[in-house]
Every structure is written in C-alpha cells, then in structure tokens.
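Side-chain atoms are counted along with the backbone in the values below, which use heavy atoms only and exclude waters and symmetry mates.
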Amino acid sequence: MTSETSPRVYEDRRGDSAEPVVRPTEQDEVAAAGSQLIGGPLGRWARPGYHWLTPIRIVVLVAIGMFALGMAQKLPCYDWAWFRGANSQYTHACYSDIPHLYSLRGFADNLVPYFDRLNGDMNYLEYPVLTGLFMEVASWLTPGSGDMQHREQMYWMVNAGMLMACTAVIAVCVTRTHRRRPWDALLVALAPAFALTATINWDLFAVALTAAAMLMWSRGRTLAFGILIGLATAAKLYPVLILGPLLVLCWRAGKWREFGAAMLGAAGAWLIVNLPVMMLAPEGWKKFYTFSQERSVDFGSFWLIISQRTGKGLDTDMVNTLAALLMVLACAGIAVLTLTAPRRPRFAQLAFLVVAAFIITNKVYSPQYVLWLIPLAALARPRWRDFLIWQAGEVVYFLGIWLYLAYTMSGEKHQGLPPEGYQLAIAAHLLTTLYLCAVVVRDILMPERDVVRRDGSDDPSGGVLDRAEDVFVLGQATHPPRHAATLDEGLRVEWGTRTPAS
C-alpha cells in the first residue's frame, strides 16, 4: 500500500502520526528483481490507499506459510521415517528431536521434568527450565490414547502448533522493531533455513522471547526488555549474551540507569523461573549446565574439522577452555569496536555479532541454531544479497549434516556424505556466517554504507540509545563523521543528532 499523495512512500499509521516507510525495492536490487514475481516494485495488483493488507499482516502470513512448507518437508518422517529405521529420517533430511524425546525424556510416561529420574542415556531432562515447561505443556495437550507412534505424531503436531505461534510473534516483533522498515522482516519470513529447521527442536520459543525483548528495547521499555531477556535465557542460554554489547553501548551513551533496569528485570525474571526448580530439584536443574560442559566436540563446529583432519579426539576440558577464551577475545573485540566506531553501532548489529561469535567458537552447532541469528541478521544487515549468501551456506549445512549421518548409519554401504564432504558443509556454514559478520563490521566502521542509516536515522532499534549523545569514546570516535551518507544525487544526509568532536 502506498500514500495517495506519493507513489514512493508508505504510511505507517499510529494514532494521528504518520511516518514514511522505506520500500526495499527502491534500495535493494535483489528485492526489486524478486518483486517482479508479483508484478514489479509497486505490484500489478497494488491498490494505493488501501490499508487492509498492512506490512505486518503480509509478513505474518508469509512467515506462517513458510512454516507450513517446513512442516510439509517433514512429511516423510511424520508418516514413517521417524519410526521405521533411523537412517531414513536422515536420507529424507526430515529429522526432528521432538517425537523421539516424547518417550525418551519421560513425557509419554507422565514423568515430571527435573524431578523424576529418567531411564536411558540421560538421567534428567537436559534443557533449561522454561523450555522444559514448554515441552511439558505440549505433553499435556497430547492425547494419551493410541499406540506410541500415534502419540509421538500428535506430540510433534502439538509442538508444531505452539512453535507456529512463536513464528507469528517473531514476525510481528521484527516487523515493528524498525518502525520505518517493516518490510525487512520478509528476510525472516522467507528465510529457507527458518522453514527447514523450525520444528527440529524448541529453539523458536527462546527466539520469540528474544525478538519481543528487542522490540521492547526499541520502544524504550527497558524493564520489559530485561524481563523478556531473562525469560529467554531461562529457555535457552544464548539470549544473555545480548546484555554484553548493550552494556558497552550504554557505557558509550551514559545510559547506566536504563541498563540497570534491564539487568534487574533480566535477573529477576530468570530467578523467578529457575529458583523453585533449583531449590526443590537441584540435580535435575543443573543437568543442562553439566551436560553443556561435559559434551564432547560435536557436529557443525570447526573443532570437529580439526578432530577429523588430525584423526585425534580433542580433550573436552581443553576445548571448553579454548572456546571460552576465543569467545572472550571476540567479545573484547566487539567492545573495542563499539567504543572506537565513528558512530555508535546500532544495537541490532552488536547483538548479531555477539551471538554469531558464540556460534562460531562453540564446540557444537546444531542446524536449528541458525534460528538464533535470522531475526538479528534481518535487523543488523537488511540486504537481500548478503542475507541470501548466508542462507545458502546454512542450507548446504542443513543438507550436509543429515547426509553425513546417513553415511555414518549405513555401515559398509556408505550411502550419504563422507567426512570430507561434511567438513566442506561445515566450512560453508562458517565462511558465510563470517562473511555476514564482516559486512556488519564494515557497516559499523563505515556507517555511510549502512542501509538503515542512509536516510539519517541513528539507531531505530536502539530505544533510549537512539540519537543519544556520546559520553565516552576512544580513538577515532572522538572525531565522528559530519554526515550520514552522500547519495548518488550529490545530496548529503545529516545525522539525526551529531556528537561534537572533543
């Protein structure tokens, strides 16, 4: 939909105010080319002035449609491959943890997570408390009648329905985080890796909470942001990493009170969820943390490439130490980048970088971990070319891990992808992720290249940081650029608020 007075501007109506909405088909050549599928940048069926199909509704519908396609991709497994031979679920690339863990983690037997001891390879549920609650609620909604195969199918369907709701939440939150750029959320909705991995595990629950937290911060609701980040961390560990770059950003802007409110909300929410289980079932509660420490080098990591290429198993304690050291170095680099950049980096950029650093340095990379990055990538670098390059690498990895597992499970038949091929798939994932990190870092060092800032915006997802004055900077940041960008027409776009050189 477009404004009736200008064909180049959308309206984002909130009460009596209206803001021009960026049309990516006018800024992104890949988006413009892709729009030809629906009639060109404006669309042959466009109805200027008609406001029912708003950007947010379109993005949500597309996201749900892609999620449904991802469910359809799992049909060979749903019908038989989950239950009749382990190798078939790998050759069809439709594996999911959800139906298997229904029985293996005691949900089929009405065992209480963290409190009741399990029989099998795990003595307690190895997931954080809030994810455990999500899994338990799904088991309550699963019919208890029928044979085990039927119950596992129903458990997957119930979880898929709940995860579809999480998908809608993510779509809404990403669409609304950058007020003037709602169409960037189509990157999330149309991401092939999102559809392929959405129902492998329960990660979308934590991703939805994190996306909601980012939306709250963009609106200046710091306490609500903290509460949601605390809940997200109670569902998956990675969201707590976002507080690190936020600390440095608030340091640069002098927003200590706001950061304190966020920390208070995060700590309080995490404790409210975890403390009862921590006190009443300490052995079950700590299983997630001990399992993460004791887990050996596993799929998807560069550590596995080293282990396979050298033919030697890597000591788990040594890898834990080295991975932690690499992560600390990466965080230190992000902190230096934040304090020395010519303009204060956008919050979404640093959130993406810190989570990507964790993924790259970690000793395991499950295919669904890509879900952690997709919403952050759409906010950090909303360019279709770069996003699709990264997604291509993730799809290669998605196919690679299942074909490699098929190879390892096929015995002497060797059907699937040998270790050398799997190592190439890991490299594709690592290199494309590093590529996206590199262009985000370039945007930080050369803010005139940042498409979000081309119109003079500062940090649309920054909330209290948006257009805030700097109070502490280092190096070249003491001499900030005078202009946001120089456009092709020779016009200069001024920054929303410029920090005086000191």
Side-chain angles (χ1 to χ4, degrees), residues 97-98 100-101 104-107 111-137 200-207 209-210 213 226-244 247 263 265-301 303-304 314-328 330-331 354-366 368-369 371-372:
D97 288 323
I98 294 173
H100 299 300
L101 295 188
L104 292 176
R105 297 300 180 264
F107 296 105
L111 298 183
V112 179
Y114 313 108
F115 289 84
D116 292 337
R117 192 177 182 90
L118 304 173
N119 295 318
D121 60 333
M122 287 285 174
N123 51 3
Y124 291 102
L125 183 67
E126 74 278 24
Y127 287 84
V129 170
L130 205 57
T131 295
L133 179 60
F134 189 97
M135 299 162 74
E136 178 74 352
V137 170
I200 291 178
N201 203 280
W202 293 269
D203 293 63
L204 275 183
F205 181 41
V207 175
L209 290 169
T210 304
I227 291 171
L228 287 165
I229 283 292
L231 294 175
T233 305
K236 204 76 178 180
L237 187 60
Y238 86 91
V240 74
L241 298 172
I242 294 174
L243 294 174
L247 166 64
M263 282 295 297
W270 187 89
L271 283 172
I272 288 173
V273 171
N274 281 271
L275 199 57
V277 182
M278 192 189 309
M279 298 295 293
L280 299 175
E283 290 299 316
W285 173 82
K286 70 180 182 181
K287 181 60 182 178
F288 165 70
Y289 302 96
T290 57
F291 174 72
S292 299
Q293 284 294 111
E294 296 168 356
R295 190 174 187 176
S296 60
V297 170
D298 213 332
F299 300 114
S301 68
W303 302 103
L304 182 64
L314 300 180
D315 180 72
T316 300
D317 291 336
M318 179 192 70
V319 172
N320 287 340
T321 301
L322 291 176
L325 178 60
L326 288 175
M327 184 62 188
V328 169
C331 290
V354 73
V355 176
F358 178 72
I359 281 176
I360 291 169
T361 60
N362 200 17
K363 61 185 177 183
V364 59
Y365 179 71
S366 298
Q368 73 271 11
Y369 290 2
L371 297 170
W372 306 355

Undergrad: One pair to check against side-chain contact (heavy atoms from CB on, under 4.5 Å): M135 and L125. What are the steps and the verdict?
TA: CA-CA 10 Å; M135 299 162 74; L125 183 67; 3.9 Å; yes
Undergrad: In the structure I gave you, are the side-chain heavy atoms of F205 and L130 within less than 4.5 Å of one another anywhere?
TA: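 Contact flag for F205/L130 side chains = yes.
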Undergrad: Check the angle between the aromatic planes of Y127 and W202 and answer parallel, tilted or perpendicular using the 30° and 60° thresholds.
TA: perpendicular
Undergrad: Please tell me if the side chains of L241 and M327 come closer than 4.5 Å, counting only heavy atoms from C-beta onward.
TA: yes
Undergrad: Report, as yes or no, whether the 6.0 Å neighbourhood of atom CE on M318 holds more than 12 heavy atoms from other residues, nucleotides or ligands.
TA: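 Correct, the count exceeds 12.
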Undergrad: Could you tell me whether the side chain of F288 reaches within less than 4.5 Å of the side chain of T131, counting heavy atoms only?
TA: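 No, every pair of side-chain atoms sits at 4.5 Å or beyond.
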Undergrad: One thing to verify: whether R105 and D116 come together as a salt bridge, which I'm taking to mean a side-chain N less than 4.0 angstrom from a carboxylate O.
TA: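 No, this pair does not count.
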Undergrad: To the nearest 0.5 Å, what is the distance between CG (L118) and NZ (K287)?
TA: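 Spacing of CG (L118) from NZ (K287) equals 9.5 Å.
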Undergrad: So which of W285, W270, F134 actually passes side-chain contact (heavy atoms from CB on, under 4.5 Å) with V129?
TA: W285
Undergrad: Do L243 and L247 come close enough that some side-chain heavy atom pair is under 4.5 Å?
TA: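 They are not in side-chain contact.
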Undergrad: Please round to the nearest 0.5 Å and tell me the distance separating atom CG of L101 and atom CD of E126.
TA: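 Nearest 0.5 Å value for the CG-CD distance: 6.5 Å.
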Undergrad: For the atom pair OG (S366) and CD1 (I200), what is the distance rounded to the nearest 0.5 Å?
TA: 8.5 Å
Undergrad: Please report the closest heavy-atom contact between P128 and A234, naming both atoms and the distance.
TA: CB-O, 3.1 Å
Undergrad: Where is the tightest heavy-atom contact between V364 and Y369, given as atom of each residue plus distance?
TA: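 Result for this residue pair: O-CE2, 3.8 Å.
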Undergrad: Please report the shortest heavy-atom distance between N274 and Y289, naming the atom on each side.
TA: OD1-OH, 4.3 Å
Undergrad: Do P239 and T233 come within less than 4.5 Å of each other through their side chains, counting heavy atoms only?
TA: yes
Undergrad: Does one side chain, of N362 or Y238, offer a donor that lies under 3.5 Å from an acceptor on the other?
TA: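 Note: N362 and Y238 side chains miss the donor-acceptor criterion.
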Undergrad: Which distance, rounded to the nearest 0.5 Å, do you find between the CG of D315 and the OG of S296?
TA: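 Reported value, rounded in 0.5 Å steps: 10.5 Å.
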Undergrad: Which atoms form the tightest heavy-atom contact between N320 and Q293, and what is the distance?
TA: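 Heavy atoms only, the tightest pair is ND2-O, 2.8 Å.
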Undergrad: Hey, are the side chains of K363 and T316 touching, using non-hydrogen atoms and a 4.5 Å cut-off?
TA: yes
Undergrad: Taking all atoms of both residues into account, what is the closest heavy-atom pair of P113 and G132, and its distance?
TA: CG-O, 4.4 Å
Undergrad: Could you give the distance from OG1 (T210) to CD1 (I229), rounded to the nearest 0.5 Å?
TA: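 Answer for the OG1-CD1 pair, T210 versus I229, is 5.0 Å.
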Undergrad: Which heavy atom in L304 sits nearest to a heavy atom in D298, and how many Å separate them?
TA: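 For L304 versus D298, the nearest heavy atoms are CB-O, 3.6 Å.
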Undergrad: Begin with the C-alpha distance, continue with both residues' side-chain angles, and end with the deciding distance and a verdict on side-chain contact (heavy atoms from CB on, under 4.5 Å) for Y114 and L280.
TA: CA-CA 9 Å; Y114 313 108; L280 299 175; over 6 Å; no
